[in-house]
Amino acid sequence: QSYCVRLQHDMYFLTSNSRLNEQVVDKIILQLNRVYPQILSNTEAEKFRNPKASLHTRLAALLKHLQRGGERHCQEFYRALQINAEHLYSDLPSRKILKTADPTVIDTGKENCVLNDRGPVFFLACFSTAAAFAVFWYCCDSDTKVLGRARRILGFSPIIIGRHVRKICMLYLEDLSRN
């Protein structure tokens, strides 16, 4: 979103309910005049700091002048506002829209959700228990077709389970097939 569009969106918020006081507006005008004289010349700064006009009128005129100046002028106004009135800058409606606009961005302010804080050892123990139970259930069936399939699976699985465990399982399956 461009700074000019943001300023148009924030104009009512900034000019309503005396959100900006006289001192903050003067600081912003002076910063724009001193740091960026190409944005606000001395005569323009004097015009916007004129105490004879109401603050609301001067602020509205300043914001319109900055919008006519273009993107750079509006950007520098936001920078001056952030420096001189951080609390107001963070409450701007355009800032709230920018914060919620991208749903893929991770919000670090939210509490982290921990699904399991027991660690990987607990997971491996649970997984191993479930796998052992599944193999035991599969192998303890009295059907000989199942034993043949189990023998084939265990015969090709020295990588998955250790060689010694595989030999013990194969001996157990041979005993079951004899009975």
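Start at 1 with the first residue, then count along the sequence.
Between His65 and His73, the ring-plane angle classifies as perpendicular under the 30° and 60° cut-offs.
Leu7 places a side-chain heavy atom less than 4.5 Å from the side chain of Tyr78. At a threshold of 4.5 Å between non-hydrogen side-chain atoms, the residues Val24 and Leu88 do not count as touching. Looking at Cys74 and Arg6, their side chains never come closer than 4.5 Å, going by heavy atoms from C-beta outward. Side-chain atoms of Phe13 and Asp91, non-hydrogen and from C-beta on, do get closer than 4.5 Å to each other. Using a 4.5 Å heavy-atom threshold, the side chains of Phe77 and Ile39 count as separate. A 4.5 Å side-chain heavy-atom check between Arg49 and Leu30 finds at least one atom pair inside the cut-off.
With hydrogens and angles ignored, the 3.5 Å screen pairs no side-chain donor or acceptor of Glu22 with any backbone N or O of Leu55. A distance-only check finds a donor-acceptor pair linking the side chain of Asn33 to the backbone of Leu40 [under 3.5 Å]. Using a distance-only test at 3.5 Å, with no hydrogens or angles considered, no donor-acceptor pair links the side chain of Tyr3 to the main chain of Glu76. Without hydrogens or angle criteria, Tyr36 side chain to Arg72 main chain gives no donor-acceptor distance under 3.5 Å.
Put simply, CG on Asn84 and CD on Gln31 are 5.0 Å apart, with the number rounded to the nearest 0.5 Å. Atom CG of residue Leu92 and atom NE2 of residue His9 lie 9.5 Å apart, to the nearest 0.5 angstrom. For the atom pair NZ of Lys27 and CG of Leu20, the computed distance is 12.0 Å after rounding to the nearest 0.5 Å. Interatomic distance, Gln38 CD to Leu32 CG, rounded to the nearest 0.5 Å: 10.0 Å. Taken from CG in Leu63 to CZ in Arg68, the straight-line distance is 11.0 Å, to the nearest 0.5 Å.
Taking every heavy atom of both residues into account, Arg58 and Asn50 meet most closely at CD-O, 2.9 Å. Considering every non-hydrogen atom in both Ser2 and Glu71, the closest pair reads CB-OE1, 3.3 Å.
Ion pair Glu44/Lys47 not flagged as a salt bridge, since none of the NZ, NE, NH1 or NH2 atoms sits closer than 4.0 Å to an Asp/Glu carboxylate oxygen.
Hydrophobic clustering (ILVMFWY, side-chain heavy atoms < 4.5 Å, transitive): Val35 and Ile29 are in one cluster.
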